Chemist: 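Have a look at this one before I ask anything.
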Protein chains: 4
Amino acid sequence: MADPSPPLRPALRARYDRRQHEVVSAAARLFAERGYQATSIGDLTEATGLAAGGLYHYIGSKEQLLFRICDELLEPLLDEARTIVARDAAAAEQLRELLRAWLAHIERHRFHMLVFAQERHVIAHDQRWQKVRRQRKDFVQILDEVLARGEAEGTLAFADRRLLLLALLGMVNYVPQWLRPRGRLAVEQIADGFCDLILRAGAP
Amino acid sequence: MADPSPPLRPALRARYDRRQHEVVSAAARLFAERGYQATSIGDLTEATGLAAGGLYHYIGSKEQLLFRICDELLEPLLDEARTIVARDAAAAEQLRELLRAWLAHIERHRFHMLVFAQERHVIAHDQRWQKVRRQRKDFVQILDEVLARGEAEGTLAFADRRLLLLALLGMVNYVPQWLRPRGRLAVEQIADGFCDLILRAGAP
Amino acid sequence: MADPSPPLRPALRARYDRRQHEVVSAAARLFAERGYQATSIGDLTEATGLAAGGLYHYIGSKEQLLFRICDELLEPLLDEARTIVARDAAAAEQLRELLRAWLAHIERHRFHMLVFAQERHVIAHDQRWQKVRRQRKDFVQILDEVLARGEAEGTLAFADRRLLLLALLGMVNYVPQWLRPRGRLAVEQIADGFCDLILRAGAP
Amino acid sequence: MADPSPPLRPALRARYDRRQHEVVSAAARLFAERGYQATSIGDLTEATGLAAGGLYHYIGSKEQLLFRICDELLEPLLDEARTIVARDAAAAEQLRELLRAWLAHIERHRFHMLVFAQERHVIAHDQRWQKVRRQRKDFVQILDEVLARGEAEGTLAFADRRLLLLALLGMVNYVPQWLRPRGRLAVEQIADGFCDLILRAGAP
DNA sequence: TATGAATGAGCCTTCATTCAT
DNA sequence: CATGAATGAAGGCTCATTCAT
């Protein structure tokens, strides 16, 4: 799933990357609003102002566009998560940091997140989506390890840790569907609300 | 979104309904696995054994099929929920009953549920989907009222009831994505696990 | 390279086959006139009177159409050739029979032949065209064996049998390019003319 | 079909011509391998190392490239043929010389020859290809005249001169399809083999 | 000269749907 | 009831070509 021969000279390369990013963002918005399958290349040309050929200069294929959306989303989130758990801190504290980072990410990449959550069919089976599946899996594992560490520390004790993890994933993944740009709650509050929910459930 | 002229004589009508139900079930499975848009009429003919023309006897259109899936799902769930809250019982108890009914429903109609959750684009905007949107809204309101009643009773006290409701919706709606037919947890346990989570969060 | 699910009932099947054959013939003519690549599906719909979708009912894909053209051509020719060499006769006589059959085939399937000769690029490399390549190879081998048998019998003696075979292939394969339906020469005369050329070259 | 404004100063002009020739050769190879229509400008940029814009400096259009290939092929061959028949020699001897020149040409311009033979569709009808058609016709006529002269001299006597000419064209035009750079036979041997075939056929 | 961004028509194909049988 | 032939619009994508830089 490589770029369609991006330019080599640095100045051009920079412009190419910027434009590509613009295209990916526009696509993420449309995919989030209408669904990946229901969004046509025509919709994308309209949204980007590029003609079909020009668009393909930047995307390679419609599917690669989807791939890029997922990758732009997961790669930095995973990086951040790894940084957080690499630090030396109590599990409960790290959980809070993870949730804040996660929800800040959701706020910044709301459309990406919606698309990622929605298009599990495409992501689920095909060989070429393995990287994305692995990234998702890794992130979940980081969460689980923090919860497990809390149990090990003795600061947390869950009735069923696995179920709690699934509950957490559910509630956070659902956020992009109801979060509104200038809504009642800031994402930090949401993160803290969810964190408290988990910590209470795990109170020894 | 009416039926495509179902037969009038009772015996025929029964057979017609049965066959239609079979088609809807097959469609739900396929839509859940591949997505509504990505499932072609050809896939449906293959899955049902009917040819294209025969299929259309039962479905009217592809979109009506989706509609029927959502309707088969929401109507009985809403009925059950209304029955539960109509009874005289403590809020916490009713919440538990609601969650058990809900999750039992998810187990029975896992594919329907996946489809319903996934195809929010189709459901969201169009005039013809108002009924489904209303059913969903009504169900959420029933949940909210139970939580509110708990607060009124003084048995529950949430930091942010609205946020908790959204968390609940998130975790339950996520279940169909990970629930496996003969998995580790029975749906009652899942329901109780989630219920405990809520009740702890609302413990005064 | 299978049919796109042809009908099962015999009456329908017969009609399907007939129509398919008509489509293949029309395609052969167009491919011969304009080239395979230069002939668009639009050209084919115009020539057949079918709309695009209807056309695909019969062809599967444009490439399968090409495949069918080659197959319709080679299969019966090979059969005939095998029948001829299976009989007991002198090599020179069999050569004449082969050439007559070959040229009669060219006359009957002039467009098929032009297409087959022209589209060696498509035929040459791809895995899926192996069957066609084998058929061509088998036919050439039959010719070579007849010439070799003539040498073994002592009735023929070529300076370079391999070169003569290549000359023969060249002159016959070129015929479809200049043969005109009601031209000066009948195909039997052409066959005999070529045959005499070979026999003179091989006169001991 | 004029050049796209070649440069005027001689030094630049020389470089331009050299580069153009390189492009034409690369194109000939690709067209021969994949067919004219199936070769994209992208394939050509890859093969030449030029980008699309740079390529167009030298080619004018894809079709002109094809034209140049044919012209590079036919013009010198025709010149040579005219020189040969202008000399004073017996028909049989001239035929041999013609065939040797022709086959030497095929060896040197194998890809050009394959392209020319293959793309008769493009060449056949369009007004702009008249020059190429005339060149081909002239060459054939030169061959025919030599054969006719042989008959007039009484040294050759063909059953059907026209058919023999067509056989000759067929066998020679087929050579590029099987000739291998370091194959068993040198082109002189091929030329002589074919020449002997013709002379035997025309032996009085 | 040469680049590569951009165009837009056209490509092959799929698909929901209809209808004669 | 059911079939499968047929439609035609729309889909994603490619490609020869142009042009500002």
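Below, chains carry the letters A, B, ... as their sequence lines are ordered, and counting in each starts from 1. Just so it is clear, the model here is predicted, and its values are computed rather than measured.
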Chemist: Does any donor atom in the side chain of H21(A) or E72(A) lie under 3.5 Å from an acceptor atom in the other side chain?
Modeler: yes

Chemist: Rounding to an integer number of Å, can you tell me how far D43(D) CG sits from dC15(F) P?
Modeler: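 D43(D) atom CG is separated from dC15(F) atom P by 7 Å.
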
Chemist: Of all the heavy-atom pairs spanning I69(B) and H112(B), show the shortest one and how long it is.
Modeler: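 Scanning both residues completely, I find the closest heavy atoms to be O-CD2, 3.3 Å.
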
Chemist: Could you report the tightest heavy-atom contact between F67(B) and V132(B), atom names first, then the distance?
Modeler: CE1-CG2, 3.7 Å

Chemist: For G53(D) and A52(A), take the nucleotide of DNA chain E holding the closest heavy atom to each; which residue's nucleotide lies nearer the 5' end?
Modeler: G53(D)

Chemist: If you check every side-chain atom of K62(A), which of dA16(E), dA2(E), dG12(F) has the closest atom?
Modeler: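 For K62(A), the side-chain atoms sit closest to dG12(F).
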
Chemist: Take the protein atom CD1 of I59(D) and the nucleotide atom P of dT18(F), then report the distance between them rounded to whole Å.
Modeler: 10 Å

Chemist: Determine which bases of DNA chain F form Watson-Crick or G-U wobble pairs with both distances under 3.5 Å, and write the result as a 5' to 3' dot-bracket string with | for other-strand partners.
Modeler: .||||||||||||||||||||

Chemist: Would you kindly compare T39(B) and G54(D) by the position of their nearest DNA chain E nucleotide and give the one closer to the 5′ end?
Modeler: G54(D)

Chemist: For the pair made of CD in E46(B) and C1' in dG4(F), what is the distance, rounded to whole Å?
Modeler: 16 Å

Chemist: Mind running salt bridge (Lys or Arg N to Asp or Glu O under 4.0 Å) on K131(A) and E75(A) for me, showing each step along the way?
Modeler: CA-CA 10 Å; K131(A) 183 187 172 191; E75(A) 190 120 347; 3.7 Å; yes

Chemist: Find the distance R34(B):CZ to dC15(E):C1' and express it as a whole number of Å.
Modeler: 15 Å

Chemist: For the residue pair Q118(C) and Q118(D), confirm or rule out a side-chain donor-acceptor distance under 3.5 Å.
Modeler: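 Q118(C) vs Q118(D): no donor-acceptor pair found between side chains.
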
Chemist: Find which nucleotide of DNA chain F each of L55(B) and Q37(D) is nearest to by heavy atoms, and output the residue with the more 5' nucleotide.
Modeler: L55(B)

Chemist: OP1 or OP2 of dT7(E) versus the side-chain N and O atoms of Y56(A): is any pair under 4.0 Å?
Modeler: no

Chemist: Rounded to whole angstrom units, what separation is found between the NE2 atom of H57(B) and the P atom of dT17(E)?
Modeler: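 Value for this atom pair: 15 Å.
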
Chemist: Just to be sure I understand the rule, does L50(A) reach a base, reach only the sugar-phosphate, or reach nothing, if contact means heavy atoms closer than 4.0 Å?
Modeler: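 It contacts sugar-phosphate atoms only.
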
Chemist: Does the ring of Y56(A) carry K62(A) above it, NZ/CZ under 6.0 angstrom from centre and within 45° of its axis?
Modeler: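 The answer is no, since K62(A) fails at least one limit relative to Y56(A).
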
Chemist: Measure CD/E63(B) against P/dA16(E) and give the value in whole Å, please.
Modeler: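 In whole Å, dA16(E) P lies 12 Å from E63(B) CD.
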
Chemist: Taking only side-chain N and O atoms of R15(B), does any of them lie within less than 4.0 angstrom of OP1 or OP2 on dC1(F)?
Modeler: yes

Chemist: Whole-Å distance between dA16(E) C1' and Q64(B) CD?
Modeler: 13 Å

Chemist: Measure the distance from CG on L44(B) to P on dC15(E) and round it to the nearest whole Å.
Modeler: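 Answer to the nearest Å: 11 Å.
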
Chemist: Would you name the heavy atoms of L50(D) and T45(D) that are closest together and state the gap between them?
Modeler: O-CB, 3.1 Å

Chemist: Respond yes when some side-chain nitrogen or oxygen of Y16(B) is under 4.0 Å from OP1 or OP2 of dC1(F), and no when none is.
Modeler: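 The answer is no; no side-chain N or O of Y16(B) sits under 4.0 Å from OP1 or OP2.
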
Chemist: Check this one for me: any side-chain N or O of R19(C) less than 4.0 Å away from OP1 or OP2 of dA6(F)?
Modeler: yes

Chemist: If we ignore angles and hydrogens, is there a donor and acceptor under 3.5 Å between the side chains of W129(C) and E119(C)?
Modeler: no

Chemist: In terms of side-chain heavy atoms of I41(B), which of dT7(F), dT17(E), dC1(F) is nearest?
Modeler: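 Closest nucleotide among those given: dT17(E).
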
Chemist: Give the nucleotide from the list dT3(E), dC12(E), dA6(E) with an atom nearest to the side chain of Y58(A).
Modeler: dA6(E)

Chemist: Counting any heavy atom closer than 4.0 Å, what does R13(C) reach on the DNA or RNA strands: base, sugar-phosphate only, or nothing?
Modeler: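 Touches nothing.
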
